[in-house]
Every structure is written in structure tokens, then in C-alpha cells.
Amino acid sequence: MSIIENSKNKIGQAVAEAFVKASEKGAFSVPEELEISEKIQLEVPKDEQHGDFACNIAMLLAKELRMPPRKIAEAIAAEIETGGEIEKIEVAGAGFINFYLSNSRLYEVIREIEEKGCDYGRIDIGKGKKVMVEFVSANPTGPMHMGNARGGALGDCMASVLEYAGYDVTREFYVNDAGNQIEKFGKSLEARYIQQLKGEDAIEFPEDGYHGDDITEHAKAFIEIEGDKYLDTSSEERKGALVAYALEKNVNYLKTDLEKYRIFYDVWFRESELHKSGKVQDAIDRLTKAGYTYEEDGAIWINCEKMGLEKNEVLVRQNGIPTYFAADIAYHINKIETRGYDLCIDVWGADHHGHIARMKAALAACGIDPDKFEVSIMQLVRLTRDGEAVRMSKRTGKAITLTDLLEDVSVDAARFLFNMRMAGSHLDFDLDLAVKQESENPVFYVQYAHARICSILKVLKEEGIEVKSFGEINPDVLTEKEELALLKKLCDLPEEIRMAAETREPAKITRYVMDLASAFHTFYNACRVKVEDAEVMNARLKLVDSTRIVILGVLNMLKINAPEKM
């Protein structure tokens, strides 16, 4: 249990016991059905002058007890003993009970960090539940764009946060290697293959084909291996050979680029396997048996209206090819039912928002708990330079890809800045800011805090002054407001991980480590570490080293480097 959780539990227990005492003394008449424990809520006030925790139980009970909330609050507060951890209690405003805690509880965080090292902050709300985070899953017919870059950082960091929260996490990439886009990919490759061998006029390039240079490069490379061998074969055989060659190349490129981005997947799952194994047809049959499909105009439709949704969707086209939606239903059945995941979280772009309700409804129609499926919707990214939007790569003149981005900015900057805002918020990625070696660059600011601490420790060690164990220091001497603020921020990490895991928002952790770096810089500018008073020096040095450990642990979680000198 974290220090904050422990304090909240103690206060909650004290409030419950005080309520019983006050009611026994006749302060108020309590309805028999009232469960007081369910009413106790504690929050950290935005203004530190209002204490460490505030309880609004009086407002919640006012109607049931038929009393002004302030009178209820005063009656409860009068029965809570101060001293020890609870230093002072105040009733404020309409009836808030504000708790001011002693500093002694904060000092325990130093001991906990010493014991746990970079594992400090790990919690176990997940209880080992199996969670899959499926993210990026870029179309394998071309390179990754900026949405994939943001989705990669968000998905990978979300997975890390869930791991720190005690979940058994699997990272998965869903390879869309079947369906219409692969058919279009094959036609595009075939046209370029024939054009390379017989000239531009030999075949018309498909109007809806993939026009990127990568298609031409694939055709050229294929010719170097196979020559004109496939000119005289059937179109289907030719396209099949070209797709088999180019698709594997593209998937390998995706793996390489993502690994450069420090994303390593546990599973690369192929859509084609669902088709080959008959699982897509099984899903359609399952929906049909449940009464949720119908045929119209030669196609098979899912009756979304029967599920309470507005628009019906095609499951199998007139040409007999299942839609992406049909395969997606089969895929999620596989994840939840076949492979037994307790929760499946997908990171999708905003353009897929309408797909969420349909997928949940389809799973429910198949007898699967739709609450086991979640989607984190990610808004668009706008790259800027000199305050202007940037859409094209200087090198290629084409849309900027993940590879282009990582040629301009570091992986550290990309991963950190893409996690600066909640997934549902639009993000402006400032390319100028990302490369600045100044404190206004958030990732530099945090890394500099770590490097600064390492420098302090190194200099003092050279002078024979080393970090002592918790048992060898007197933490009670840490009483300056900057010291206490830093201690409080260190205490916050387990709670921040809990909130980030529950909301699926890793941006909370990015902001936390920025706030921690800020608290450290403020402390360091106000409190000298090397002072004549040995007790103060040793306690401050231990506090500094504890901060180093926590910054290192958080950056490790986000897969961002923590340099020891800058």
C-alpha cells in the first residue's frame, strides 16, 4: 500500500469512527440503512492551504440527516483526535473537513525508494489480469505516418503503465494482410512490374492504386530476383507472388522502424490466418445463428438497427469477400474467447470512433462480454516548424513518415512529446522545440534534472561524501517547504500510476515526471546540499538520490534515456 493510500485509509477510518461517536452522543439521528463507509470520499485540495486531504462527507449526508452540512462537519471533526499523523483538522466553507498531516509520514517515502529502487511506484490493482494492448497496426501496404507515430508512443507507454499497475500485458500488432487493401496492393505492384519490363504504356495504373515510390521500388527489386518470369503467368499468380514478396518486406520494415522507436511487440497477428482457419466465416455464422444478419443485393449485412444502432453494415460483399468489419469481429472473438484475455484495449484514430459501438454490439450478439473490449481514441497530430504546419519531408517531398521524423528528432523527444497530452486531445508537435537543448524542451528539462543529480552525487563522492542508508540519516531535519514539496511529489507516484492505469492515459506519468523535475530544480535552487550541518547534508543528499531513482524509474517505464551528464 502506498503512503498516500495508507494515509487516506487512516483518515477514512477516523472519520467513520468519529461519525459513530457523534451519533451516539446525539449530534444527529442516523437512518438505519445508512452505510457511512460508502459516503467517505477524500480528495487532495488544489490549494495547499486547505490541507493535505479534504473530506466532503457532510455535504453528502446533509439531506439524509436533515442538518446543515457545516454542523455535521463540526460534530464529526470534534470526535477526531489530533496528534501523530493527523496534526490539525479544520472545518471550512459549507462543510469541508480539511486534514493537515504531520511531515513524519512523508519521510517514509525515502525508506520505500531505498528498498524498491526503480520498482518504486509499482502497484497491484491489476492482480495479474491478462490485458492485451493492440496499437499502431499500420496498413502493411506502405510506410507509417504521424498518427502511427503518436499511436505507437501512446500504446507502448499505456502498456508499460498497466504493467507497473500489476497487469499481465501483451503488446500486439494486427497485420491487415487480407481484404480489399491487399487486393489493391497486388494490382498496384502488378502494374509497376509490367511497366518496368514493358514500358509505361503497357498497362494502365489503377486509378485507386497505391502511387508511392515504394511500390515501384518493390517491383524493381522483385525483377532483380525473378526477372520476367511472371509476365506470362495468370494475373492472380503474378499478383500473389508480388504480394508475398513485398508484404514480407513491408512487415519487416515496420518491425525495424518500430524497434528503432523502442517498441517491441510480443505478437504479430495476421488477419490472413483468420480467413485461412475459417474463423471469419465462423463469426458470420455465429451472428446469423443469433439472428443478427440478413441478405440484400447479393451481400450479407449485420443488422445493427436490431442492436439499437442506426446504420447497418456489410459483412460480406457482393463479390464474396468479407469486409474488414467481419474480420475485426473474428479477431476480437479470438482475443477474448480463444486466447482468454480479460481485457483488450485498442488504440484507434479518431476516424474509427463510430466503429466502437458496432464492435461492442457485435461482440454482445456473439455472447461475449463487450466490457472486455475498450478503445482509446487518439486525435490527430500536426507537425509545426517556425509556427507553421509541416506536411512534407524535406528529403523526399512526400508526407512525413515515422522514419523521416526520427531523422529530425531523437526517439526520446518523440516518445516524450507524443505523450504530453491525453490521447483524445489534438496535438501540435513542435519540431523546433523537440531539438532544443534548453529547459523549455520538456524532455530536456527532465533529463537535465537526472543529469544534474548525477553530477552532484559524483562531485560529492570525489570529496568523500557518499549517500547514506535511510537508517543512518535523520529525515526529521527536512523541514523546508521546498524539501517537503519534493517529498510529497515523490509520494505521489504510486497514485499517479493508479490513475494513469485506470484512465488509460500515460500522459499523466509524463506530466508527473515533469512536475517532479520542477520540484527538484526548485529545491536545489533554494536548499544547498553541501552544508556544514552533517545531519542536514546527509538527509538532503539522501533526498536528492531518492529523486534520481524515481526519475530514472519513470523514464525507464517510458523507454526514454536518463543521461548521467549533459
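As a basis for the values below, the full set of heavy atoms in this structure was taken, side chains included, without hydrogen atoms, waters or symmetry mates.
Annotation: salt bridge (charged side-chain N to carboxylate O under 4.0 Å, His left out) contacts involving residues 315-325, sequence neighbours excluded, are absent. Counting only residues at least two apart or in different chains, side chain to side chain donor-acceptor pair (under 3.5 Å) contacts with residues 422-431 comprise Q379-H426, R382-D428. Counting only residues at least two apart or in different chains, salt bridge (charged side-chain N to carboxylate O under 4.0 Å, His left out) contacts with residues 158-175 comprise D156-R171, E163-R171, E172-R339.
Ring planes of H352 and H355: perpendicular class, angle over 60° (limits at 30 and 60°). Relative orientation of the F418 and F429 rings is tilted, given thresholds of 30° and 60° on the angle between their planes.
Annotation: side-chain contact (heavy atoms from CB on, under 4.5 Å) contacts of K360 (sequence neighbours excluded): I356, P370, D371, F373. Judged as a side chain to side chain donor-acceptor pair (under 3.5 Å), and not counting sequence neighbours, H50 has no contacts. Residues satisfying the side-chain contact (heavy atoms from CB on, under 4.5 Å) test with E236, not counting sequence neighbours, are S234, K239.
Ion pair E35/K39 not flagged as a salt bridge, since none of the NZ, NE, NH1 or NH2 atoms sits closer than 4.0 Å to an Asp/Glu carboxylate oxygen. In this structure, E502 pairs ionically with R498, as a charged nitrogen and a carboxylate oxygen lie closer than 4.0 Å. Taking a cutoff of 4.0 Å between a charged side-chain nitrogen and a carboxylate oxygen, E495 and K508 do not qualify as a salt bridge.
By the neighbour-count criterion of 12 heavy atoms within 6.0 Å, atom NZ of K187 is sparsely surrounded, having that number or fewer from other residues, nucleotides or ligands.
Here the side chain of R66 pairs no donor or acceptor atom with the backbone of A62 at under 3.5 angstrom. Between the side chain of S160 and the backbone N or O of M557 there is at least one donor-acceptor pair closer than 3.5 Å.
The cationic atom of K129 (NZ for Lys, CZ for Arg) does not lie both less than 6.0 Å from the six-membered ring centre of Y167 and within 45° of the ring axis. Taking the centre and axis of the six-membered ring of F205, the NZ or CZ atom of R192 falls inside the cone set by 45° and 6.0 Å.
Aromatic ring centres of Y265 and F135 lie closer together than 6.0 Å.
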Notebook entry, point to check: What do the steps show when you test Y331 against E271 for side-chain contact (heavy atoms from CB on, under 4.5 Å), and what is the final call?
Noted result: CA-CA 8 Å; Y331 176 48; E271 180 188 348; over 6 Å; no

